[in-house]
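Chain letters run A, B, ... following the sequence lines, proteins first and then strands; every chain starts at 1.
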Protein chains: 2
Amino acid sequence: MQEPAHANATVPPEQASRAERERQDFGRRLRALRSARGWTLAQLADRSGLAISTISKAERGIMALTYDRMLQLARGIGVDMAEFFASEGEAFAPGGFAVARLGEFRRQETGSYVYEMLFPEIRNKAMTPMIGTLRADCPMSFDDFVRHAGQEFLIVLDGVVTVHAEGRPTVKLRAGESIYFDSARGHLYSADAGQDARILVVCTES
Amino acid sequence: MQEPAHANATVPPEQASRAERERQDFGRRLRALRSARGWTLAQLADRSGLAISTISKAERGIMALTYDRMLQLARGIGVDMAEFFASEGEAFAPGGFAVARLGEFRRQETGSYVYEMLFPEIRNKAMTPMIGTLRADCPMSFDDFVRHAGQEFLIVLDGVVTVHAEGRPTVKLRAGESIYFDSARGHLYSADAGQDARILVVCTES
DNA sequence: AACACGGTTTTCCGATAGGAAAAGGGGTTT
DNA sequence: AAACCCCTTTTCCTATCGGAAAACCGTGTT
């Protein structure tokens with residue numbers, strides 16, 4: 001796969017070679033899955049209905065398969081698409097064990113939110129727990145909701161919090177009450193007037 | 001996408017239309033992900049570096065994207081390839097939104113632990129938040145650690161908790177302090193003598 | 001109604017996916 | 001070492017992907 005002269009090219013050459021590296025990555029995973037089963041190209045071709053040459057080229061990263069072919073391959077190998085790509089990630093944590101003591105938090109101020117991320121030193125963790133303080137005197141702009149991948153859990157530690165969620169009536173939560181939702185739904189928190197609020201938020205995936 | 005006359009065709013026509021149905025399925029998922037964020041085709045095109053027309057055709061299932069483009073799309077949307085296809089199964093939750101009010105918890109007593117699972121009605125959630133009470137007068141048997149898949153986050157709401165973790169020195173946590181670890185590591189909690197303790201535990205994957 | 005505007009779909013065509021078949025590249029057997 | 005055999009890579013060519021731009025479709029505005 002040579003760098004395309006490409007009349008319609010929008011992708012800069014440096015990003016193109018990055019794409020190539022990633023294709024090769026995919027190819028290595030594919031070859032690993034095949035040879036782990038002790039299959040030849042011909043056998044996988046037979047099971048998946050693809051041509052031998054196609055699989056060969058895909059494994060060597062010189063060709064990018066279309067969705068259709070990947071689906072056939074996944075079926076032929078006997079994995080579903082999700083776990084086909086599951087091995088992309090890395091293992092979790094340096095030691096996989098950490099304690100957060102009072103007063104050792106790293107403060108992160110994003111606009112009018114004040115968040116303290118609890119375990120910044122752990123890599124690839126499945127959850128991101130944060131403790132936040134919402135200022136009573138600092139109302140949010142109700143225009144732009146926050147939206148991101150993953151799911152979100154919020155519990156009120158102190159005060160009263162109003163949760164605004166897209167397509168849902170406003171929810172008022174007192175200390176000890178909690179809420180759980182898909183983070184792709186636009187959302188926004190604010191403290192009720194008169195008293196600051198402290199919340200614990202746990203998000204999955206960043 | 002008309003059924004190809006295809007000089008090289010190996011795929012029987014019935015399977016070809018099945019492939020088409022699956023492409024349309026992929027397209028619907030893609031459109032769902034985009035519109036859940038409130039983005040237009042142009043906005044996603046901008047974020048992913050793909051042409052508007054390409055995304056439009058992919059969403060309508062009349063074109064099968066190659067691996068490269070799907071990767072760009074996944075990045076643009078902010079999901080990794082694995083969870084890109086994770087939604088092949090079932091969508092999360094009945095509405096994906098739930099509130100847990102005080103006094104509405106379902107109590108689950110497992111041995112000497114008393115746990116209240118917060119959102120039992122949500123299916124397929126990525127996290128399982130629970131509130132637990134540890135009795136001061138009920139010491140645990142230090143022999144059998146608990147071990148399970150996933151990761152675990154614990155924060156102390158009240159009292160003082162001692163965490164025993166396999167291969168680690170004992171950790172004492174006061175209210176507001178927390179701990180994060182891989183649940184496969186054997187673990188066990190107990191309240192310090194003299195006072196009951198309340199904890200919030202969030203686990204991933206069961 | 002004509003116009004402008006923000007979004008989506010369609011058209012057109014060059015670059016590329018992907019199949020069939022031929023060409024490597026080890027091994028083992030005669 | 002030639003003749004097989006099995007597996008992988010390369011070649012060649014058509015069907016398809018995928019980008020730019022034009023056409024299309026609401027929904028307000030003058």
Which heavy atom in Ser48(A) sits nearest to a heavy atom in Ile55(A), and how many Å separate them? OG-CD1, 4.0 Å
Closest non-hydrogen atom pair between Ala64(A) and Asp68(B), with its separation: CB-OD1, 3.3 Å
Rounded to the nearest Å, what distance is computed from the [atom1] atom of residue [X] to the [atom2] atom of nucleotide [N]?
{"X": "Arg69(A)", "N": "dT16(C)", "atom1": "CZ", "atom2": "C1'", "answer": "14 Å"}
{"X": "Ile55(A)", "N": "dA17(C)", "atom1": "CD1", "atom2": "P", "answer": "16 Å"}
{"X": "Leu71(B)", "N": "dG18(D)", "atom1": "CG", "atom2": "P", "answer": "13 Å"}
{"X": "Arg23(A)", "N": "dT16(C)", "atom1": "CZ", "atom2": "P", "answer": "10 Å"}
{"X": "Leu65(B)", "N": "dG18(C)", "atom1": "CG", "atom2": "P", "answer": "12 Å"}
{"X": "Met63(B)", "N": "dG18(D)", "atom1": "CE", "atom2": "P", "answer": "4 Å"}
{"X": "Asp46(B)", "N": "dA20(D)", "atom1": "CG", "atom2": "C1'", "answer": "15 Å"}

With the criterion being N/O to N/O and under 3.5 Å, what pairs connect the protein with nucleotides 5-12 of chain C, and how long is each?
unit_1, atom_1, unit_2, atom_2, d
dT8(C), OP1, Arg34(B), NH1, 3.4
dT8(C), OP2, Leu41(B), N, 2.8
dT9(C), OP2, Arg31(B), NH2, 3.0
dT9(C), OP2, Ser56(B), OG, 3.3
dT10(C), OP2, Arg60(B), NH1, 2.3

Arg198(B) side chain to Asp158(B) main-chain N or O, any donor-acceptor pair under 3.5 Å? no
Assign the ring pair Tyr189(B) / Phe181(B) to parallel, tilted or perpendicular, where the plane angle (0 to 90°) is split at 30° and 60°. perpendicular
For Arg28(B), the salt bridge (charged side-chain N to carboxylate O under 4.0 Å, His left out) test, sequence neighbours excluded, returns Asp25(B)
State which residues pass ring pair (Phe, Tyr, Trp, His ring centres under 6.0 Å) with Phe26(A); sequence neighbours excluded, sorted by chain then number. Phe84(A), Tyr67(B)
Look at Thr66(A) and dT16(D) and indicate whether a side-chain polar atom (N or O) is within less than 4.0 Å of OP1 or OP2. no
Over all strands shown, is Ala58(A) touching base, sugar-phosphate only, or nothing at heavy-atom distances under 4.0 angstrom? nothing
